[in-house]
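Since the structure comes first, as structure tokens, the remarks are kept for the end.
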Amino acid sequence: MLDIQLIRQDPEAVKEAIASLGTEAPIDEIVSLDLGRREILQELESLRQERNETSERIGRMEAGEERQTLIDSTSGLNERIKQLEADLRENEEALKRAMYEVPNLPDPSVPVGADESENVVLREEGKPREFGFEPLPHWDLGPRLGILDFERGVKLSGSRFYVLKGAGAKLQRALIQWMLDLHVAEHGYTEIYPPAIVKEQCMWGAGQLPKFADNIYRDAEDDLWLIGTAEIPLTNLHRDEILDAEDLPLSYVAHTPCFRREKFSGGRDVRGIKRGHQFDKVEMYKLTTPEDSYGALEQIVEHASAVCRALEIPYRVVQMVTGDLGFTAAKKYDLEIWAPGSDEWLEVSSVSNTEAFQARRTDIRFRREKGAKPEYVHTLNGSGLALPRTMIAVLENYQQEDGSVKVPEVLRPWMGGLERVSAAM
RNA sequence: GGAGGGAUGGCCGAGUGGACGAAGGCGGCGGUCUUGAAAACCGCUGUAGGGCAACCUACCGGGGGUUCGAAUCCCUCUCCCUCCGCCA
């Protein structure tokens, strides 16, 4: 959610910024609702004042004719107040609905561009390995090794589901544990185990609603929603709280399953485990002061990079242009990891600074010192990393000519010392 | 799932439909005293909206209602606690 003051003061600048995102928002509607709101409020509040004063007088009077006359005289006043209260409710609901639809504005440092084709590769690290043979895509490699079972996944749950088995399941578990430990021990995050099913309100707070309703699984009976990312519970962790400045930044890391309906990606990325309805992810999250958030953004990029670096797999950092920022980010980087079998760069991490966009939706503030006015925090999130695509990269980069897969050095302690996954296992 | 009890300011806790934004206590901040600290005493100590000034308005779990007037009465929802049932 944007600051209403910003829209009130310079609606044209806001519209322009939104145009650079390649989208639109009901700014004119907001401006007029906001104006109407204050008109209603002004009249309503002065009538309430009148009523309060009259009631006070009635309370002090002896019972009698004069008192009754005064009581009778309030009926018109009260009718008007009721009407205005109804108007106000309606107005504020419409205003809130409209405000929830407005995307975040880009930071001035974000390059203007129409869509993802204009994103900027900022840096690339690691050299793609030279294969003496044709590297296989993981959808061939995994089943051959007996660690990845697509047919049974479909049998259980339908398309875009799969089963990890044996060393495959263990490899994912090793990655999760290693990543969590890395972020906690080396990068100073606090590990969180949040619910994976949350109230609707959390979805609004994190910016999943109203725009992405079609991509979310939900239990209609209890009105609970399955998270598509740990960002959702982590955003809401401190909802409605006022934090102390000395507690900031707060850094959290969580591993959760993520559920996405992928309604609009039909036909895309159908092979392999790149895009499923259920996947695991390790997510980093920070709450900072406004002045610290852009430094924190670079930190999170570094923390995600450290994972790729330690795995010794080539990756690159891509800056999103305005047209590819999405709904909540003011600035966003993607980390893409190299997958030689699939022959593509895979997005394994998306790192965003939402500034106060989510904080306003969730009402998370902080106080610089005792008695100071509360200010909104800035929130940031970044994958560290998404498991299936990391698995793809590991399998495809570490495959050997004989069809086996070497276990990356850093993971071996979490794999019981296992050095190689082969078909016989 | 069944029965009962509860939800008040940072925390604890009082509150008869009318001067309650809410007693009292604790905590916090400032001050007096003190070499310093403690104690004692005094004062201050919520959030938001609107005018944006000394003011006004709203908020006692959420929503709705009764009333000239609601923290206080009624309805409803949510959450918490206790007991029973069931269960990893």
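Letters go in sequence order (proteins before strands), and every chain restarts at 1. Below, each value reflects all heavy atoms present in this structure, side chains not excepted, and no hydrogens, waters or symmetry copies.
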Original post:
For Thr379(A) and Lys286(A), does a side-chain donor sit closer than 3.5 Å to a side-chain acceptor?
Top reply: no

Original post:
Arg57(A) near the nucleic acid: base, sugar-phosphate alone, or nothing, with a heavy-atom cut-off under 4.0 Å?
Top reply: nothing

Subject >> Test item: side-chain donor near acceptor, Asp181(A) and Gln177(A), under 3.5 Å >> reply: no

**OP:** Would you mind pulling out the nucleotide paired to rU72(B), Watson-Crick or G-U wobble, both distances under 3.5 Å?
**Re:** none

Original post:
How do Glu45(A) and Gly59(A) order along RNA chain B: which one's closest nucleotide is nearer the 5' end?
Top reply: Gly59(A)

Original post:
When the P atoms of rG31(B) and rC12(B) are considered, how many whole Å apart are they?
Top reply: 30 Å

Original post:
Any luck finding a side-chain donor-acceptor pair between Gln208(A) and Glu231(A) under 3.5 Å?
Top reply: no

Original post:
Looking for any heavy atom pair under 4.0 Å, which part of the strands does Ser55(A) touch: base, sugar-phosphate only, or nothing?
Top reply: base

Original post:
Looking across every strand, which nucleic acid part, if any, lies under 4.0 Å from Asp72(A) by heavy atom: base, sugar-phosphate, or nothing?
Top reply: nothing

Original post:
When rounded to the nearest Å, what value does the distance between C1' atoms of rG25(B) and rG9(B) take?
Top reply: 13 Å

Subject >> rG85(B) - base-pair partner by Watson-Crick or wobble geometry, distances under 3.5 Å >> reply: none

Subject >> Euclidean distance for P, rC80(B) against rC42(B) (whole angstrom) >> reply: 42 Å

**OP:** Would you classify Ile58(A) as touching base, sugar-phosphate or nothing, given that sugar-phosphate means primed atoms plus P, OP1 and OP2, and contacts are heavy atoms under 4.0 Å?
**Re:** base

Original post:
Do Thr289(A) and Asp292(A) meet the criterion of a side-chain donor-acceptor pair at a distance under 3.5 Å?
Top reply: yes

Original post:
When you check the side-chain N and O atoms of His378(A) and Glu355(A), is any donor under 3.5 Å from an acceptor?
Top reply: no

**OP:** Remember a base hit wins even if backbone is also touched, and classify Arg360(A) as base, sugar-phosphate or nothing at under 4.0 Å, heavy atoms.
**Re:** nothing

Subject >> Span that lies between the C1' atom of rA48(B) and that of rG21(B), in whole angstrom >> reply: 14 Å

Subject >> Whether His183(A) and His187(A) hold their rings parallel, tilted or perpendicular, with breakpoints at 30° and 60° >> reply: tilted

Original post:
With distance as the sole criterion, is a donor-acceptor pair present between the side chains of Asn236(A) and Thr362(A) under 3.5 Å?
Top reply: no

Original post:
For rU78(B), which nucleotide in any strand shown is its Watson-Crick or wobble partner with both distances under 3.5 Å?
Top reply: rA7(B)

Original post:
Under 3.5 Å, is there a donor-acceptor pair linking the side chains of Ser383(A) and Lys281(A)?
Top reply: no

**OP:** Provide the distance between the two C1' atoms, one in rC75(B) and one in rA23(B), to the nearest whole Å.
**Re:** 30 Å

Original post:
Which nucleotide of RNA chain B is the first, and which the last, in the 5' to 3' direction, to come under 4.0 Å of a heavy atom belonging to chain A?
Top reply: rG18(B) to rG69(B)

**OP:** For rC59(B) versus rU66(B), give the span between their P atoms, rounded off to a whole number of Å.
**Re:** 16 Å

**OP:** Considering only atom P, compute the distance from rG28(B) to rU16(B) and round it to an integer number of Å.
**Re:** 32 Å

Original post:
Does rC44(B) have a Watson-Crick or wobble partner in any strand here, with both distances under 3.5 angstrom, and which is it?
Top reply: rG28(B)

**OP:** Please give the nucleotide sitting opposite rC60(B) as a Watson-Crick or G-U wobble pair, both distances under 3.5 Å, or none.
**Re:** none

Original post:
When the C1' atoms of rG1(B) and rA58(B) are considered, how many whole Å apart are they?
Top reply: 40 Å

Original post:
What is the base-pairing partner of rC20(B), counting Watson-Crick and G-U wobble geometry with both distances under 3.5 Å?
Top reply: none

Subject >> rC33(B) pairs with, by Watson-Crick or G-U criteria that keep both distances under 3.5 Å >> reply: none

**OP:** Please give the nucleotide sitting opposite rC55(B) as a Watson-Crick or G-U wobble pair, both distances under 3.5 Å, or none.
**Re:** rG50(B)

Original post:
Between Tyr252(A) and His238(A), is the gap from one ring center to the other below 6.0 Å?
Top reply: yes

**OP:** Classify the nucleic acid contact of Lys82(A) as base, sugar-phosphate or nothing, counting any heavy atom under 4.0 Å across all strands shown.
**Re:** sugar-phosphate

**OP:** Would you mind telling me which residue lines up with the more 5' stretch of RNA chain B, Glu56(A) or Arg367(A), judged by nearest nucleotide?
**Re:** Glu56(A)

